[in-house]
Enquirer: 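Please see the structure below; I have some questions.
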Amino acid sequence: MHDFITHCREQAGWCRELGSPFTAALCEAFAANAEVGGVVADLATSVEPPHRKRATALRLAGALHYAALTGQSVELSEAYTKVGESAAFPEIWAAALGYLSSNTSAVEAFIQSDPQTNETRRSIALLPGFLQIGKRFGAPIHLLELGASAGLNQNLDQFSYVDPNWWIGGDSGVEVSTDWRAPPPEGAFPDVLSRAACDLNPIDLSTQDARWRLKAYTWADQPERLARSDAAIELALEAGTRVEKADAADWLERKLATRTDSGTTVVFHSVFLHYPPSAVRERIMGLISEAGEKATDEAPLAWLCMEPDSVFTEDNPKLGVFRVRLQTWPGGNVRTLGYTDGHVTYFEGA
């Protein structure tokens with residue numbers, strides 16, 4: 001239980017840093033309840049440790065938000081209308097504790113799944129890479145996304161990217177911004193010829209329950225993220241976005257073996273590569289490198305990602321920092337484009 005309590009308090013710190021005082025307070029309350037052997041301690045034992053890797057605190061926060069969104073608990077739904085009011089937290093926690101105590105089976109079932117927010121703001125961190133791919137190769141692109149969740153970022157070329165000093169626009173209602181600490185990006189998003197994506201446990205947005213579940217993992221006191229998620233879900237439904245259920249390495253091997261001989265193939269992912277076992281991760285990297293060696297000027301290959309700094313360096317990686325990295329073939333040139341955090345609250349040029 002010490003592992004879980006430590007994880008909750010560490011997660012609370014990250015939540016405060018990422019602008020969610022409500023979720024931070026929830027994580028602190030989870031830790032305090034577990035310390036005295038409350039219902040949270042019993043629920044946490046149903047998730048296989050290590051709890052930091054499993055993000056158990058965020059699973060529990062998601063279960064509560066899901067119950068509030070779906071109306072499974074009228075008391076919780078009413079309490080969650082006050083998440084932006086710090087003085088209301090004791091009332092909210094009382095409703096939360098009541099729900100956890102009387103619905104342990106439902107909560108245990110919910111928290112067996114990994115949290116999936118499908119964070120659309122990660123697209124603005126990847127934007128400079130796509131613009132550079134367009135400038136270098138000039139050809140339309142074929143998208144291959146790994147760990148795509150519900151596939152919201154399959155439509156990132158249609159998002160509007162907004163900053164006080166620049167704007168790059170698509171024609172959808174999805175607007176993405178951040179604290180941009182780099183020169184304004186230049187160029188236009190390349191035309192997309194095809195889109196494909198995979199995930200071990202994709203979310204099927206055609207069902208209301210799946211949409212609620214996806215939204216539940218977005219922190220309840222962040223209305224901007226919630227609104228952007230709603231807009232991206234609507235866009236994905238209109239576009240008929242689909243994500244294949246598949247192991248990423250097996251799927252990528254098939255896709256790279258059958259890729260077209262024209263246009264630029266772009267393998268991309270965000271906050272994915274640290275989840276697979278090391279053998280799978282190494283296989284994925286090897287498949288991309290092998291395909292890169294076969295790339296031609298007519299059919300180039302690009303690998304664009306946003307992953308924890310520790311994925312790419314063992315020499316003093318930056319804790320809590322995510323590197324945006326682009327590698328292109330022919331040639332295999334590697335560039336670090338910038339750094340950010342998991343929610344892309346800022347983007348800092350390299």
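Residues: numbered from 1 along the sequence shown. Owing to the predicted nature of the structure, the values given are computational and were not obtained by experimental measurement.
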Enquirer: Side chains of Ser177 and Glu224: closer than 4.5 Å at any heavy-atom pair?
Expert: yes

Enquirer: Testing the basics here: between Leu235 and Gln158, what is the closest heavy-atom pair and its distance to 0.1 Å?
Expert: CD1-OE1, 3.6 Å

Enquirer: Can you find a side-chain donor-acceptor pair between Arg228 and Thr120 that sits under 3.5 Å?
Expert: yes

Enquirer: Dump the intermediate steps for side-chain hydrogen bond (donor to acceptor under 3.5 Å, both in side chains) on Thr241 and Gln154, then the final yes or no.
Expert: CA-CA 7 Å; Thr241 301; Gln154 280 284 287; over 6 Å; no

Enquirer: Look at the side chain of Gln222 and the backbone N and O of Leu18, then say whether any donor-acceptor pair between them is shorter than 3.5 Å.
Expert: yes

Enquirer: Mind checking the NE2-OG1 spacing from His343 to Thr218? Nearest 0.5 Å is all I need.
Expert: 8.0 Å

Enquirer: Between the side chain of Ser229 and the main-chain N/O of Arg225, is any donor-acceptor distance below 3.5 Å?
Expert: no

Enquirer: Are side-chain heavy atoms of Glu119 and Val271 found at a separation under 4.5 Å?
Expert: no

Enquirer: Could you check whether any side-chain heavy atom of Glu28 comes within less than 4.5 Å of a side-chain heavy atom of Arg16, counting everything from C-beta outward?
Expert: yes

Enquirer: Could you check if a side-chain atom of Leu43 sits within less than 4.5 angstrom of a side-chain atom of Thr104, using non-hydrogen atoms only?
Expert: yes

Enquirer: So does Asp261 have more than 12 non-hydrogen atoms from other groups sitting under 6.0 Å from CG?
Expert: no

Enquirer: Would one find more than 12 heavy atoms of other residues, nucleotides or ligands at under 6.0 Å from atom NZ of Lys294?
Expert: no

Enquirer: Can you name the nearest heavy-atom pair linking Arg259 to Ala291, along with the distance?
Expert: NH2-O, 4.2 Å

Enquirer: Do the side chain of Asn118 and the main chain of Gly151 share a donor and acceptor less than 3.5 angstrom apart?
Expert: yes

Enquirer: Please assess Gln116 against Ser149 for the test side chain to side chain contact (heavy atoms under 4.5 Å, CB included), listing each intermediate value before the final yes or no.
Expert: CA-CA 7 Å; Gln116 295 191 50; Ser149 186; 2.5 Å; yes

Enquirer: Can you tell me how far apart CD (Glu35) and NE2 (His2) are? Round to the nearest 0.5 Å.
Expert: 10.0 Å

Enquirer: Under the side chain to side chain contact (heavy atoms under 4.5 Å, CB included) rule, what do Ile111 and Ser46 come out as? Steps first, then yes or no, please.
Expert: CA-CA 8 Å; Ile111 64 177; Ser46 71; 3.5 Å; yes

Enquirer: Which pairs pass salt bridge (charged side-chain N to carboxylate O under 4.0 Å, His left out) with one or both residues in residues 55-67, sequence neighbours excluded?
Expert: Arg59-Asp114

Enquirer: Taking Gly342's backbone N and O only, do any of them form a donor-acceptor pair with Arg122's side chain (distance below 3.5 Å, no angle check)?
Expert: yes

Enquirer: Could you pull out the closest heavy-atom pair between Ala87 and Pro90, with the gap in Å?
Expert: O-CD, 3.4 Å

Enquirer: Take atom CD of Gln72 as the centre, draw a 6.0 Å sphere, and report whether it contains more than 12 heavy atoms from other residues, nucleotides or ligands.
Expert: yes

Enquirer: Which residue in the set Leu156, Ile141, Leu143 passes side chain to side chain contact (heavy atoms under 4.5 Å, CB included) when paired with Arg195?
Expert: Leu143

Enquirer: Determine the minimum heavy-atom distance between Val39 and Asn33, stating which atoms define it.
Expert: N-OD1, 3.1 Å

Enquirer: Less than 4.5 Å apart, any side-chain heavy atom of Pro185 and any of Ile168?
Expert: yes

Enquirer: Taking only residues two or more places apart in sequence or in another chain, which ones pass salt bridge (charged side-chain N to carboxylate O under 4.0 Å, His left out) with Asp179?
Expert: Arg181

Enquirer: Between Thr260 (side chain) and Ser262 (backbone), is there a donor-acceptor pair under 3.5 Å?
Expert: yes

Enquirer: Answer yes when Glu290 and Arg283 have at least one side-chain N-carboxylate O distance shorter than 4.0 Å, and no when they do not.
Expert: no

Enquirer: Consider ring pair (Phe, Tyr, Trp, His ring centres under 6.0 Å). Of Trp212, Tyr80, Phe110, Tyr99, which one does Tyr66 pass it with?
Expert: Phe110

Enquirer: Quick check: closest heavy atoms across Cys198 and Ala248, and the distance to 0.1 Å?
Expert: SG-CA, 3.8 Å

Enquirer: Should Thr265 and His142 be marked as a side-chain hydrogen bond (donor to acceptor under 3.5 Å, both in side chains) after you check the CA-CA gap, both sets of side-chain angles, and the distance that decides it?
Expert: CA-CA 5 Å; Thr265 298; His142 303 275; 5.6 Å; no

Enquirer: For Asp341 and Tyr346, what are the C-alpha separation, side-chain angles and deciding distance, and is it a side chain to side chain contact (heavy atoms under 4.5 Å, CB included)?
Expert: CA-CA 7 Å; Asp341 57 33; Tyr346 71 91; 3.5 Å; yes

Enquirer: About how many Å separate CG of Leu60 and CG of Leu100, when rounded to the nearest 0.5 Å?
Expert: 7.0 Å

Enquirer: Passes side chain to side chain contact (heavy atoms under 4.5 Å, CB included), Leu200 versus Lys245? Steps please.
Expert: CA-CA 5 Å; Leu200 267 181; Lys245 181 178 176 62; 5.6 Å; no

Enquirer: Taking all atoms of both residues into account, what is the closest heavy-atom pair of Pro115 and Leu58, and its distance?
Expert: CG-CB, 4.4 Å

Enquirer: Any side-chain donor-acceptor pair under 3.5 Å between Glu175 and Ser160?
Expert: no

Enquirer: With rounding to the nearest 0.5 Å, note down the distance linking SG in Cys305 to CG in Leu326.
Expert: 9.0 Å

Enquirer: Listed by chain and number, what are the salt bridge (charged side-chain N to carboxylate O under 4.0 Å, His left out) partners of Glu108, not counting sequence neighbours?
Expert: none

Enquirer: Just verifying a value: how many Å separate Arg52 CZ and Cys8 SG, rounded to the nearest 0.5 Å?
Expert: 13.0 Å

Enquirer: Please tell me if the side chains of Phe130 and Val266 come closer than 4.5 Å, counting only heavy atoms from C-beta onward.
Expert: yes

Enquirer: Are Asp199 and Asn201 side-chain neighbours, meaning at least one heavy-atom pair lies under 4.5 Å?
Expert: yes

Enquirer: Of Leu226, Val83, Leu76, which meets side chain to side chain contact (heavy atoms under 4.5 Å, CB included) against His65?
Expert: Leu226

Enquirer: Which ILVMFWY residues can you reach from Leu152 by hopping between side chains whose heavy atoms are under 4.5 Å apart?
Expert: Ile203, Leu205, Leu214, Ile233, Leu237

Enquirer: What residues join Leu256 in its hydrophobic cluster, counting side-chain heavy atom gaps under 4.5 Å, either direct or through other members?
Expert: Leu144, Leu146, Trp251, Leu252, Val267, Phe272, Leu273, Val280, Ile284, Met285, Leu287, Ile288, Leu301, Trp303, Val311, Phe312, Trp329

Enquirer: Before accepting this row, confirm whether a basic side-chain N of the pair Arg325/Glu307 lies closer than 4.0 Å to the acidic partner's carboxylate O.
Expert: no

Enquirer: Consider only side-chain N and O atoms of Thr178 and Arg121, and report whether a donor and an acceptor are under 3.5 Å apart.
Expert: no

Enquirer: Rounded to the nearest 0.5 Å, what separates atom SG in Cys15 from atom CH2 in Trp219?
Expert: 3.5 Å

Enquirer: Under 6.0 Å from the CZ atom of Arg9, do we count more than 12 heavy atoms belonging to anything else shown?
Expert: yes

Enquirer: Going by heavy atoms in the side chains, are Glu348 and Thr340 under 4.5 Å from each other?
Expert: no

Enquirer: Does a donor on one side chain and an acceptor on the other come within less than 3.5 Å for Ser206 and Asp204?
Expert: yes

Enquirer: With a sphere of 6.0 Å drawn around CD of Gln112, does it hold more than 12 non-hydrogen atoms of other residues, nucleotides or ligands?
Expert: yes

Enquirer: Taking only residues two or more places apart in sequence, or in another chain, which ones meet Arg335 in a salt bridge (charged side-chain N to carboxylate O under 4.0 Å, His left out)?
Expert: none

